[in-house]
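Data block below; observations after.
Keep in mind it's a predicted model, so treat the numbers as computed, not measured. Order of the sequence lines sets the chain letters (A, B, ...), proteins ahead of strands, with each chain counted from 1.
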Number of protein chains: 2
Amino acid sequence: MTFKRTNPLALAVLALLSERPMHPYEMAQTMRERHQEEVIKLNYGSLYTVVDSLHKHELITASAVQKAGNRPERTVYSVTEAGTAELHDWLRELIAVPAREYPRFEAGISLVGLLPPEDALTLVRQREAAVAEQLTALAVLLERLAGMGLPQLAWIELDYRMAMLRAERAWLSWFAAATADGTVGGHDSWEERHR
Amino acid sequence: MTFKRTNPLALAVLALLSERPMHPYEMAQTMRERHQEEVIKLNYGSLYTVVDSLHKHELITASAVQKAGNRPERTVYSVTEAGTAELHDWLRELIAVPAREYPRFEAGISLVGLLPPEDALTLVRQREAAVAEQLTALAVLLERLAGMGLPQLAWIELDYRMAMLRAERAWLSWFAAATADGTVGGHDSWEERHR
DNA sequence: TCCCGTATATCCGGCACCGAGTATAGGGGT
DNA sequence: ACCCCTATACTCGGTGCCGGATATACGGGA
């Protein structure tokens, strides 16, 4: 059976091991330090499952089993050639081919007609504020990373995220305005339904 | 134990049942007809699991068990009062509170430095083209829906999606250009690493 | 010296989810 | 009268994922 590219955590593992051999716990630490867990969901339970799976598919190998005192054994893994190939090919796919993601907000907004227009307006305004906050937080973080001398390429994904958040904020602002002054198509029957 | 708002399919079920009682298979059909499966992932296996779960939590009730000939029994469900409350509250949360989604592309682009710049450029251009195609397809669909007399509110989530896709296309276009003419921060060491 | 909070490192049981399988009914063609 | 294809309606086994439990080491304060 061929390896299934479901959990992006496996991608992170391959990427880390392509730097140097590590044991799972060290991978987690490194991901934390680099703020990588903001981009790829990290979960200790899943980490060991994912490492096992990669091992089974021979994309990584157990290169050493250390034992310090009475502590649990630490298995150190290295990436294999097949693993490096998998990493690069997976990366290519992720970048070149847009994937259906089913964002939760799309599901929510598609049913917004079930709520009274006044309520919808309040909720959208709340989201707008939350998105604005995230944007300023991101701006601060970027400032700090750039100040540390890191090149743009090292935080390119944050640049992308900011662009997306700005677009979302703009859309929310438009929708709020259109709901407030009743110019959203179908506003009359929407109001009528809720009294 | 309180109901866990994980699978948005449960949201769709509550929304459908708030129109009229249905059996699971009919829910699936209705979702298909309305293009709802483009916004909420539909999977027959999950559908029955989700319905069971809603039933266990008494958010829906089995209002009838029909039996036509020798065909398998069809259980018709209705939404309870608690179910309607859950639907509305869940909707509010989905709209007002942005959720961390971990988009696959963010994971991919964050590691783009592992690929040679020329390859990255090609891949990003490919994605740009794919996104452009999705945009034209969406525009056609919107035209058709508007032509059928449906109000904007009925396809508001597509409007949102178009806005997001346009923003993504713009960002990809920028990144491709910056990679091509070497103005992306850290381009020199990026090139150097790959020879 | 004892204690306790934190860091280290992994394991495991339960459950949601998925995709493929199953079985009958209905309808149209020859 | 027979066949086959599609639509109907659900079922089930396998698996990946998650959160919390487990167990030891270490360092610092009383």
>> Between B/H23 and D/dC10, is there a contact of a side-chain N or O with OP1 or OP2 at under 4.0 Å?
In response: yes
> Do any side-chain nitrogens or oxygens of B/T49 fall under 4.0 Å of OP1 or OP2 in C/dA16?
Replying inline: no
> Quick one: A/Y48 OH to D/dC17 P, roughly how many Å, whole number?
Replying inline: 16 Å
>> Considering every strand and a 4.0 Å limit on heavy-atom distances, what is the contact class for B/S53: base, sugar-phosphate, or nothing?
In response: nothing
> Whole-Å distance between D/dC17 P and B/K4 NZ?
Replying inline: 17 Å
>> Both A/K41 and B/G45 contact DNA chain D. Taking the nearest nucleotide for each, which residue is further toward the 5' end?
In response: B/G45
>> What is the distance, to the nearest angstrom, from the CG atom on B/L47 to the P atom on C/dA16?
In response: 15 Å
>> Expressed as a whole number of angstroms, how long is the span from A/Y44:OH to D/dA23:C1'?
In response: 16 Å
>> Measuring to OP1 and OP2 of D/dC17, would you say a side-chain N or O of A/T6 lies under 4.0 angstrom away?
In response: yes
> What's the closest nucleotide to the B/S46 side chain, out of C/dT10, C/dC17, D/dC17?
Replying inline: C/dC17
> With under 30° as parallel and over 60° as perpendicular, where do the rings of A/H57 and A/F3 fit, or are they tilted in between?
Replying inline: perpendicular
>> Rounded to whole Å, how long is the line connecting atom CG of B/D52 with atom P of C/dC17?
In response: 12 Å
> Can you tell me how far C1' of C/dT8 sits from CE of A/M27, to the nearest Å?
Replying inline: 15 Å
> Given that B/N43 and A/P24 both sit by DNA chain C, which one's nearest nucleotide is further toward the 5' end?
Replying inline: A/P24
> Starting at CD of B/Q29 and ending at C1' of D/dC10, how long is that distance when rounded to a whole Å?
Replying inline: 13 Å
> How about B/Y102 and B/E106: does a side-chain donor come under 3.5 Å of a side-chain acceptor?
Replying inline: no
> Relative to B/F105, does B/R127 satisfy both conditions: NZ or CZ under 6.0 angstrom from the six-membered ring centre, and within 45 degrees of the ring's axis?
Replying inline: yes
> What about the rings of B/Y77 and B/H23, do their centers lie closer together than 6.0 Å?
Replying inline: no
> Would a 4.5 Å heavy-atom cut-off, applied to side chains only, mark A/T179 and A/V124 as touching?
Replying inline: no
> Once you round it to whole Å, what is the distance between C1' of D/dG16 and CZ of A/F3?
Replying inline: 11 Å
